[in-house]
Each structure stands twice: as structure tokens, then as C-alpha cells.
Amino acid sequence: ESEERHRIVAESASDAILTVRPEGDILFANPAAARILGCGEPAGKNLREIGPDLWSTIRGGTSSEAVIDGPDGSRIILDVSVSQAVQNGLPVCIAVGRDITEKKRIEEKLRQTAKLESLGVLAGGIAHDFNNLLTGVLSGSSLLTEVLPASSWEYEIAETIARASDRAAQLTRQMLAYSGRGRFVMKPVDLSAQVRDITELIAASIPKNVHLEFDLEALLPPVEGDPGQINQIIMNLVLNGAEATGEGGGTVRVVTRLAEPDEVARQSNLAGTELASRPHVLLEVIDNGAGMDAATKSRIFDPFFTTKFAGRGLGLAAVLGIVRGHKGGLVVDSRPGAGTRFQVYFPATAIENSEKEMDSTESVPGAKGTVLVVDDEEIVRSSAARILARHGYTVLTAENGHAAIQSLAEHGNEISGVVLDLTMPDLTGAETARRLREICPGIRLLGVSGFSESEIAREFGGATDEVLPKPFTPQALIHAVSKLIRGSQTVRVRKS
């Protein structure tokens, strides 16, 4: 009866149970152990031959984790407990192995998500502060080009500063893309057509010894996305694949097709989004390069991480942020010597029409008036005030929300619109907007921030009439303010 009880316990246990002699001969293995080892009946065989990874852990005599190859080639992680015993007068090792593969996968996904979120917050915060500084530099240099003779050396210097500022602004946009706060202009996009449109640009950007192959499915449903940002995904993944082939060259294959994410894709998704079981448009970029080990693969989306001697930039980090911003999924499959496959899932949509975008350079006639500029950064306040004053506006400034409320209470009937910063200490932009509307219910508000247009709208909760991302050029600010005031109506200060 005792033997029967122990047999039932051992055979029904989900943990692998093994009794092994010091030389590796298996005396006993329960069904769970046989399933993990994938060798039929393990008893009588030698563990050194059928499970060398597990044997090395058991031979060490201490409890630890063991990584073994499952019968289907999958990677199995076991938490192995080892104890010593004597059976029939001979020493034996008794090992109990618990399959913790799924637990480890979830822990790694949570760790990766937490790391990406913290890096995203850092990148977004740096980009926001940097955008405030760039606003002053870009505005000042642009104003100088308006007043200086085009033939003067001072004009050339001002233009150089403006170009450098624009390049810096592009870097902050990449940082915002990584943080998931990038500026997206969403419209229906044919992914196959998008790849075809930049084929020549792709070919010109990679070494001559890298062969490009395209397998683009026709008549794909559109995806809702930003064409420029999707182009960045395609270009960065292809360039990454081309560089992975090394000096000897190789092949990079670009594929588009309709697919429904399977369970493996949903579990392996690095974007931190939930991939629904419905049709997605899939972009695959496959190279036959050197591949990556687990350590390298875990870091490829870190900002500025590179395996190249002279590498730099936010290429793959920006890709991850753009995918997150599009509510898509990103799966990476790579092993040393086996190349790399990137899979990007975009939710398929049936949207057929989109609103026509208004060119930001289009002139918008607007009446002159008094504008209140509210920003805690002095460089932004003074830059905006100079730009508006130069174009005929009367300007009032406030360094925080409390000063803005006081200014509006005193000059409410004179003020035609308010340029309001989103992120201010003490009284936030959203709270300031609410308080300003209490004083002047019809006041027109232009929300500005170092974050993206969509982020401004989300943070303000619809409290503003127009939005403008930093850094802005003088033309962009005048356009936005002119549009704001054009839609203004007569407002009256509410008397308490």
C-alpha cells in the first residue's frame, strides 16, 4: 500500500522526478521527466547521453536552474532541486525539476516592459526640455534671417544655426517616437505601396553587395498610420538587416502580407501592446546575417545601443516607439549564425477616406490683437513675444498659471487669445486652462508643449482650441495664432 501511494504521487506529479546514480545511470523517471527528456522510457539509460544539460546540474549536487532543449527543439527552463540518498546500499541523486519556462517568460516580458517604459519616460522628458531650449534657438536664428541682408556673413551664420537647430529637433522627434509620444499624422496607408514607393531610396542606402528581395502582397487592406513614420520603420529595419550581413554582404528580404497573430507572436510581442486575434497587416524584414545571441537581442531597442564600432543613433529604439504609437506589435526572431527576422504587426482597418491635411505653410489671415503668452521657460516666453510683436500683435506674458489668471482678470476684454504651455510647475497647463475659461468662458487657447500634437490634446483633455508642438518656427507660431484669433468671438470677463 505504501509503495502504491508513492507510485501514484510520483506518476501524477507535474514536476520531473529522477533517481540517478553518480555515473549518470537513471534508476527511476516519472512520466513528467520522460516527457521533458523526450526519450520514451528513461529508466536504464544514461542521463549524460540523453540530457547532458540536466546531468551537469544534477552532478553539481546543488539546487539551481537548468536550461535544456525540449524534444521539439524548444528551450525549457527547469528549477532543479537535488538531494543525496542511499538506495540498496549505494549512493544516488534524487532530482526534482519544475518547469518554470512560462514563469521566466512572463518575468522577462515584465522586466523588458518596465525597462522600456522607464527609458521612454527619460527620453520623453529629455526631449521636452530640449525642445524648450530649441524653441529659443530656432526662433532667434529665424528672426535674424528675416532682418539681415541675405549677402552678409551674419546671415550665413544665422542660417547655419537654424539648420543645426532643425537637425536637433529631428533628434528630439526620434526620442519622442521612442517614448511613444511621437507626432503622428494618421491616414489610411497601403503598406505594400509604401514599401514600393521608397524602394529606390532603400537600394541607394545599403551597400552594393547586399541583395534586396521584395515579396509584397497586392490588395492588402489599409492600416491607419503615419506614412513618414512607417517609412522610418521600413528604412531602419532594412538598414539594420543590411549591416547585419557584414562585409561579405548577403540578402535582405522585405515581405508584406495579411496575417493573424498566433499565440507565439502575442507572447513574444516586444511593443507592450495587446495583439488581438484579428487580421493584421504584417511587415517582415529578414536577413541572412550573423544573427544575435540572447544578450544582444535583449538590448537592441535601448537608445544608442549598437554593436558597431562607430554606430550611433536611435534607429531601432525609434522603431519600437513608432510601433507602440501605432498600437502595433513587434516580434524579433534571431539566433547566432541563423540571421534575424523582424515582424511588425499593424491592425488592419477598413478606413477609406481621411481628412485632408492643411499645409502648415498655408497663410491664414487673422486679425491683430493682444496675445497672452504663458510659459515657465523665459527663453520660450521671450522668443514667442518677439515673434508676435514683430508681426503686429500686442503681447502680454506670464511666467506661470497664477500670473496668467491675474493677467486675464485684469485685461480679459483686451486679450484675443492665449498661448499656454502644457507642462508648468505648481499650476499645470490643463488646470490653468480650466481656470482661464472660468474667468472668460469664450477665451481662445493655443496649447504648446515639447511633446507631440496628440500628447498635447490628450493632456489638455480638449481644453484648448488649437495645439502647437515645440520647437516651433516663427512661421508656425504666427500661423497657429492667426488661426486661433480668426476663430475667436467677443469675450467678456465674468463678474463675480
Side-chain angles (χ1 to χ4, degrees), residues 128 131-132 135 139 358 360 362-470 472 474-496:
H128 170 264
N131 276 335
N132 277 332
T135 298
S139 299
M358 183 174 65
S360 61
E362 177 189 346
S363 62
V364 179
K368 304 304 179 185
T370 298
V371 178
L372 173 61
V373 177
V374 188
D375 201 299
D376 62 304
E377 291 285 346
E378 194 280 330
I379 190 172
V380 178
R381 286 199 313 275
S382 59
S383 297
R386 279 196 299 267
I387 293 168
L388 292 170
R390 178 170 171 76
H391 286 79
Y393 291 97
T394 301
V395 183
L396 301 174
T397 62
E399 68 275 11
N400 55 46
H402 296 294
I405 293 168
Q406 181 178 350
S407 183
L408 189 66
E410 295 174 357
H411 306 282
N413 289 327
E414 306 166 23
I415 295 174
S416 303
V418 180
V419 178
L420 179 61
D421 184 34
L422 168 60
T423 50
M424 294 188 297
D426 192 12
L427 201 60
T428 66
E431 178 62 18
T432 301
R434 186 185 67 80
R435 299 275 292 275
L436 293 179
R437 283 266 162 78
E438 289 178 355
I439 299 171
C440 292
I443 192 69
R444 300 280 293 176
L445 303 177
L446 171 66
V448 297
S449 172
F451 296 134
S452 67
E453 222 170 294
S454 58
E455 186 76 8
I456 299 171
R458 180 163 59 251
E459 291 292 335
F460 270 89
T464 60
D465 302 288
E466 303 290 340
V467 293
L468 178 66
K470 299 175 185 174
F472 47 75
Q475 294 80 7
L477 178 61
I478 293 302
H479 174 88
V481 170
S482 180
K483 183 180 177 184
L484 182 80
I485 293 179
R486 184 180 60 170
S488 67
Q489 300 175 351
T490 302
V491 296
R492 297 294 177 190
V493 177
R494 176 177 291 173
K495 303 296 183 181
S496 56

> Residues two or more places apart in sequence or in another chain: which of them pass side-chain contact (heavy atoms from CB on, under 4.5 Å) with T428?
Replying inline: A430, E431
> Is the closest side-chain heavy-atom distance between L427 and N400 below 4.5 Å?
Replying inline: no
> Hey, what do you get for CG (L372) to CD1 (I415), rounding to the nearest 0.5 Å?
Replying inline: 4.5 Å
> With H402, which residues qualify under side chain to side chain donor-acceptor pair (under 3.5 Å), at least two apart?
Replying inline: D426
>> What's the separation between atom CG in N413 and atom OG1 in T370, rounded to the nearest 0.5 Å?
In response: 11.0 Å
>> Which heavy atom of S416 sits nearest to which heavy atom of G369, and what is that distance?
In response: OG-CA, 3.7 Å
>> For R444 versus D465, what's the shortest heavy-atom pair and its separation?
In response: CA-OD2, 3.2 Å
> Between atom CD1 of I439 and atom CD of Q406, what is the distance when rounded to the nearest 0.5 Å?
Replying inline: 10.0 Å
> Going through the checks in order, is the side-chain contact (heavy atoms from CB on, under 4.5 Å) test met by R435 and L408?
Replying inline: CA-CA 10 Å; R435 299 275 292 275; L408 189 66; over 6 Å; no
> Excluding sequence neighbours, so at least two apart, what forms side chain to side chain donor-acceptor pair (under 3.5 Å) with E414?
Replying inline: none
> From L468 CG over to L422 CG, what is the distance, rounded to the nearest 0.5 angstrom?
Replying inline: 12.5 Å
> At what distance, to the nearest 0.5 angstrom, does CD1 of I405 lie from CG of L436?
Replying inline: 6.0 Å
> Are any side-chain N or O atoms of D421 and backbone N or O atoms of V374, one a donor and one an acceptor, separated by less than 3.5 Å?
Replying inline: no
> When rounded to the nearest 0.5 angstrom, what is the spacing between CG in D375 and OG1 in T135?
Replying inline: 8.0 Å
>> Looking at every non-hydrogen atom in both residues, tell me the closest pair between S139 and S383 and how far apart they are.
In response: CB-CB, 3.9 Å
> Looking only at heavy atoms, what is the nearest atom pair of G417 and L484, with distance?
Replying inline: CA-CD2, 4.0 Å
>> Looking at every heavy atom in both A384 and V373, which two are closest together, and how far apart are they?
In response: CB-CG1, 4.0 Å
> At their closest point, which heavy atom of T397 faces which heavy atom of A385, and how far apart are they?
Replying inline: CG2-CB, 4.2 Å
> Does any pair with a residue in residues 376-403 pass salt bridge (Lys or Arg N to Asp or Glu O under 4.0 Å), and if so which ones, sequence neighbours excluded?
Replying inline: E146-R390
